[in-house]
Amino acid sequence: MSGHVENESPGDRAQDQQGAASAPSSDYGDSTDTVVEHDPYHRRRPLSALEEGVSTELHRIATALSRHQSRPGVFSRHQSHATAADEAPATTEPALNPESADFDVTKWVQNFVSHLNEQGHKFSRMGVSFRDLDVFGSGSALQLQETVDSVFLKPFRLGEAFGSRKKEHKQILHGFNGLLNSGELLAVLGRPGSGCSTFLKSICGELHGLKLGDQTVIHYNGASQKQMKREFKGEVIYNQEVDKHFPHLTVGQTLEFAAGMRTPSQRIHDMPRAEYCQYIARVVMAVFNLSHTYDTKVGDDYVRGVSGGERKRVSIAEMMVAGSPICAWDNSTRGLDSTSALKFVQALRNSSDVGKHAHAVAMYQASQAIYDVFDKTTVLYGGRQIYFGPAHAAKAFFERQGWQCPARQTTGDFLTSVTNPDERTPRPGMERKTPRTPEDFERYWLESPEFRTLQDDMARYDDEFQGDRQVESIAQLRETKHHRQAKHVRPGSPYTISILMQIKLNTKRAYQRVWNDLAATLSHVVSNLVLALIIGSIFYGNPDATVGFDGKGSVLFMAILLNALTAISEIDSLYGQRPIVEKHHSYAFYHPATEAAAGLVADIPVKFATAVVFNLIVYFLAGLRRTPDQFFLFFLVSYVSTFVMSAIFRTLAAITKTVSQAMTLAGVLVLALVMYTGYIIPVPQMHPWFSWIRYLNPIFYAFEMLVANEFHGREFTCSEIMPPYAPVVGDSWICASAGAVAGRWTVSGDAYMYATYEYSYSHVWRNFGILVGFLVGFMAIYFAAVELNSSVTSTAEALVFQRNHIPPHLDPKRAARDEEKAAGGGGGAAVEEGRQEPKKGAIEAQKDMFTWKDVVYDIEVKDGTRRLLDHVSGWVKPGTLTALMGASGAGKTTLLDVLAQRTSVGVVTGDMLVSGRPFGADFQRQTGYVQQQDLHLDTATVRESLRFSAMLRRPKTVSKKEKFEFVEEVIKMLGMEEYANAVVGIPGEGLNVEQRKLLTIGVELVAKPKLLLFLDEPTSGLDSQSAWAICVFLRKLADAGQAVLCTIHQPNAILFQQFDRLLFLAKGGRTVYFGDIGQNSQHLLDYFERNGARHCGADENPAEFMLEIVAEGTNGDGEDWHSVWKGSQEFEAVVAEIDRIRDEAAGDTQEQSGGDGPRAEFAMPLYGQVLEVTQRIFQQYWRMPNYVIAKLFLGVLSGLFIGFTFWNAKGTQAGMRDVVFSVFMVTTIFTTLVQQIQPLFITQRSLYEVRERPSKAYSWKAFIIANIVVEIPYQILTGILAFACFYYPVVGVQDSARQGLVLLFIIQLFIYASAFAHMTIAAMPDAQAAAAVVVLLTMMSTIFSGVLQTKTALPGFWVFMYFVSPFTYWISGIVSTMLHGRAVECSDLETLVFNPPPGMTCGRFLGPLEGKLPGLLQNPMDTEACRYCAVRVADQYLDTVDIFWSERWRNFGIMWAYIVFNIAAAIGLYYLFRVRRKSLGLTWLKGLFQKKDKKN
């Protein structure tokens, strides 16, 4: 086709001309791919083996395209551009006509791609060449664990701080070279830590936290990496192993969005944009067999959606829609079984064949079938490249080097095994000639003919893109890009569509997310409805008189505050979507700022609905001004304030790197916003050093508008006059209210608000303009921050050690002394110390045999009962290693859980016996269970984790010394001496995957399981060498007398040979085989071949052979394999053996398991458990300085801020009010205190419930008590600091008794916060769900505490809440202590001024009331302008709000009652919902507060 010749790029010519130079080569023609003789695996015809459903779907799509072509309106506008070629696909060739019997799906897909090229939607064809690739990362292989004391001692270690800056960057990759052509697949092989991820990131330009060497050259068809990232971002993509998608979007919506962002301006058959997006998405979904998931949510770990394998294919489809010519995949097969992994790699193969994409894939445990799909391979060893070339030639390269590939070992496993000193095997006679260190391997590679061939290929590739041809190539790339780009896109932009179109599509997606997760939005609206009803009803019937002034101020303050502060929840949601936005940004789908803008646009109707519900109810229930002008202004101000605060909190999220940083800033910000709104501290009382904050506070301007809107132009009836004589005479009386004028029965609203707040109605529209200015300003900052802060920094993996516990070879202080010694040690090879054989007696030889017969497991489902295990029988004998295998969904883990007594639902029947006896209460602690998830306390060291397990899981009769000695034995057995003092940490900063798995095994071994060791997928997620090391160790354990039962996912042939026996399950939990495996698996293979299976070839993996045979369902005679087993002699022998074991054991009644109280549920008594667990949690807190210091800083900063805000409260009424509000403000940090504690508790609980409780390590009572106890000392310390920072600035130094009591009250509040935190989290599934309960209960406690609305002003229905609220007693107790006996002198604004009747002095005029009035007449001898202060002493005011000095100790005692109740409730709730698992209550709680539907 002429169009292709004209548009051919130099890169295309380069790839065509080098041909044989790059083996295996391929003719990337428009419609066919040829098979290269020497590489039979790679060039299968793409899509030729499509599943039936895929073919059907593509047939339907082809038909739709054919009809679209023939529609008369399609070409009417561009008839002149339609050629015969345009119509050819649908009309001329039968194979391309969906209506024809000869329709060929494969040809149609190839022709479709060709047709897209002709229409201008040409796929970029690009390769990448990298020469001398050196990559440096920050940090070293060693980090020190921070503790609370080390943080405070940092100022005294300035040498360390400055010394670390001088350290050079750590070199991760050393001098890599390579060439990846268009349409090729590259396998990246290496052990963890060898640099695979760094290599993939480097060739894709994802260099955040990394630095390239000065000599490094990377180019893509002549374009430099810098130019690619600037102009052609999205052409080179790096995909992490975790799939990141919006979980509530459907697969169709996800892919249509991706297609929309990359829709070219010139589309096939001039399709409308929307139709094209849907069409492309449908085609790609059909190619990757996703059509059936079009309307299914993508989902994630918490939201139900497609399966893991399907989600992985969604990621592939998304990248294919992006049209990126170069893609890198980082360990994307992790967690997939080999069948799913093969499908994934085959999908990449199709992507390369159809779209001419180049893929680089790093993976572990690649089967031979997977490896054979690849064109090229590179092998990495310790950050050095030791091979890069044709995949089919790699094995021969290393065999020539002197290494022997064992029989039945896959090529991928062999290639990585040569980088493991413990596993590689030299060929006979080559022992002294093979390379040993990474440097030796690299040297051999650099001197090899394969390297010279690679250099020649790279030189030819470079020659094609030099000088004019480089300019031509880049021009071609630009021309292709500009051809796709929309009209209004800047020429230098890497994006395909305009900014407005990006905003439009992002907004559409935002609405889809809202609609698909409507429950979350509705729950937000409902929670606002509840709050509105509570607040409105509290102030219901508030009169339009002076007695209602305080109530009106309170309701306006609460209304504007709640409207504004609901936006704080947006921080979490923004952090939730950040990884997805970052991914799409790297794909060049859109500017992050356009997604931010779309988020605000999409919020308009959602926030409007919420505002209508909240504001309508509050406004009319609270009796605010019922005129249209005032209501709509109130609504407008509230609505706009919500957006202003949303922009502020979104900005906080955008400028920070972690959600904890954002929430800390938000907490301080909220405190400032609340205090400087003008209500808590009116403007006249603000101190000058902080008063400027109000000018930066949007809520301040909004509150002034609402107050002015409510009070302006109104006259309020006087509720109380002074003096209270009747009848009144002239102006010899005055209304007892701020802003009153002597002799007037009403008070002007304008005068009141000016006297109280210094507010003016003339500021209303000025303030509205300022609000809009805030909105625009913060939105601009938000958009800029999102655009600039949209990348994640890469960090190098490192072990973390405690200070003074660093291994000698890693200690920089000893490096100088050991340098000479190290120089002669072998050139820096990272040689692992081999694991030692278990010492004689270290593992006690076991005598008990575990048998199970006819085990059946049924669970209830919607349609009735489902059987997961169907009459499974077998045994595990001491000294044997038994494998449990089966296809995905066969019930392997289910059987393991049933045998280990770890099921909590369903019905289990059958006989499970230990030496012929039923289980005792001690069964779970007499067995070890190594779970698939490696869950450990991240602050503990390896040795501490093992000691903790040994202390609690071995009986009290065993001494501590003996327990610790055995821990050391296990450390040596597992080869963990080097990192025994290393902190477990988190992945990347702590132990690696293999080390974690070994620790998981060690934790079970130190318990000395007397019966059996269960292991669930111990090799999952490991590379083949680590998997091999684990299995070899299990073999050693079995040889030492341990009984081991282990599930395993499709092991390679050599690893499979380590096992003695096999229990193989088919789908439905039905047994297919149980018996010996035999030498070279011969016993097993003989059984299958004898019963109708085909012969297993010598080079086949017996495990994969079995899976294949059983997957077929039946043998050669049409009989299913389960029935074959049931009718076999082997089955009869198994039943007979189980009966024999049971009968023998029945005759032996003397031997009992253990002599240390075996029937006890736990090995240690409760007090011992509490001591050990409490000690561990204290240790954990000490090693979490971020948590402890954040807690202390919250107390100190909030205390200082409140203290200096209410500095030196005066002796006036306003000063007295300041003291009350300063105490009230201390309660506002209560929620933050609680929410600091809860996530930590969730971490502890997850570890306990998933691993430690099923192992019967310690009781739930010990767990909950220890967690509550450990918080108390830190809360006391925080309370003392908060007291000092808050109390003295506000009231100064009072007498010792008062200081002591206030200190006790402050400490009590912090202890109450801890007890309350545990009570509210105990039954809840996660911290997010608990947060809803915490906010609601805290808000209720605060609202009904008597500060915002007094008890007498509450409607009758709500009075009970005043007595229920704990803050009522706490505020009453502390306020009465601080204010008792305090003299009050009214300020000028607070003094009531009136004239006496003519000829009378003020004293004489008020004489009849002497002794009856609480206040003080300041000028009794004057004959005019009598000055009366309504209060003499603070207690008079406190009496009116039910606060009494005499009740301070009673209130202190009541607060302790609340604390005790909360602790008891925490224990009770935990027992009910987490131990007894009362499902009804938990379902109800989840339904109310949990937005996410957790997957089981």
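Model, not experiment: these values are computed from the prediction.
Using modelled atom types and a 3.5 Å distance limit, the side chains of Ser1372 and Asn1451 yield a donor-acceptor pair. A donor-acceptor pair shorter than 3.5 Å cannot be found between the side chains of Ser1345 and Ser1365.
Counting non-hydrogen atoms of other residues, nucleotides and ligands closer than 6.0 Å to OH of Tyr754 gives a total of 12 or fewer.
The aromatic ring centres of Phe716 and Phe549 sit less than 6.0 Å apart. For an aromatic pair to be called close, the ring centres must be under 6.0 Å apart, and Phe1230 with Phe1367 satisfies this. You'll find the ring centres of Trp765 and Phe768 inside the 6.0 Å limit. The ring of Tyr695 has its center no closer than 6.0 angstrom to the ring center of Tyr676. Less than 6.0 angstrom separates the ring centroid of Phe631 from the ring centroid of Tyr619.
Not one N or O on the side chain of Arg694 forms a donor-acceptor pair closer than 3.5 Å with the backbone of Gly678. Between the side chain of Asn697 and the main chain of Leu673, a donor-acceptor pair closer than 3.5 Å is present. In terms of modelled atom types and a separation under 3.5 Å, the side chain of Arg1298 and the main chain of Thr1377 share a donor-acceptor contact. Panel note: side chain Gln630, backbone Arg625; no donor-acceptor pair is recorded below 3.5 Å. Under a 3.5 Å cut-off, the side chain of Ser1341 and the backbone N or O of Pro1366 do not form any donor-acceptor pair. Judged by distance alone, with hydrogens and angles left aside, the side-chain atoms of Asp750 form a donor-acceptor pair with the main-chain N or O of Gly713 at under 3.5 Å. Arg714 places a side-chain N or O within donor-acceptor distance of the main-chain N or O of Glu710, the cut-off being under 3.5 Å.
Paired with Gln1418 under the rule side chain to side chain contact (heavy atoms under 4.5 Å, CB included), one option of Cys1426, Cys1402, Cys1386 passes, and it is Cys1386. Exactly one residue among Val707, Leu562, Val674 makes a side chain to side chain contact (heavy atoms under 4.5 Å, CB included) with Phe557. That residue is Val674. Screening Phe1310, Phe1305, Tyr1312 for a side chain to side chain contact (heavy atoms under 4.5 Å, CB included) involving Gln1308 leaves a single residue, Phe1305.
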- Query: Should Phe1283 and Tyr1288 be marked as a ring pair (Phe, Tyr, Trp, His ring centres under 6.0 Å) after you check the CA-CA gap, both sets of side-chain angles, and the distance that decides it?
  - Reply: CA-CA 8 Å; Phe1283 160 78; Tyr1288 295 109; 5.4 Å; yes
- Please lay out, stage by stage, how Met1378 and Tyr1287 fare under the test side-chain contact (heavy atoms from CB on, under 4.5 Å). CA-CA 9 Å; Met1378 292 170 76; Tyr1287 175 77; 4.1 Å; yes
- Task: Let me see the working for Glu570 and Lys607 under salt bridge (charged side-chain N to carboxylate O under 4.0 Å, His left out), right down to the final yes or no.
- Result: CA-CA 12 Å; Glu570 293 178 19; Lys607 282 186 166 58; 2.6 Å; yes
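Taking the six-membered ring where tryptophan is involved, the planes of Tyr679 and Phe703 are perpendicular, since the angle between them exceeds 60° and thus also 30°. The aromatic rings of Phe643 and Tyr639 stand perpendicular to each other, their planes meeting at an angle above 60°, with 30° marking the opposite boundary. Relative orientation of the Phe1204 and Trp1207 rings is parallel, given thresholds of 30° and 60° on the angle between their planes.
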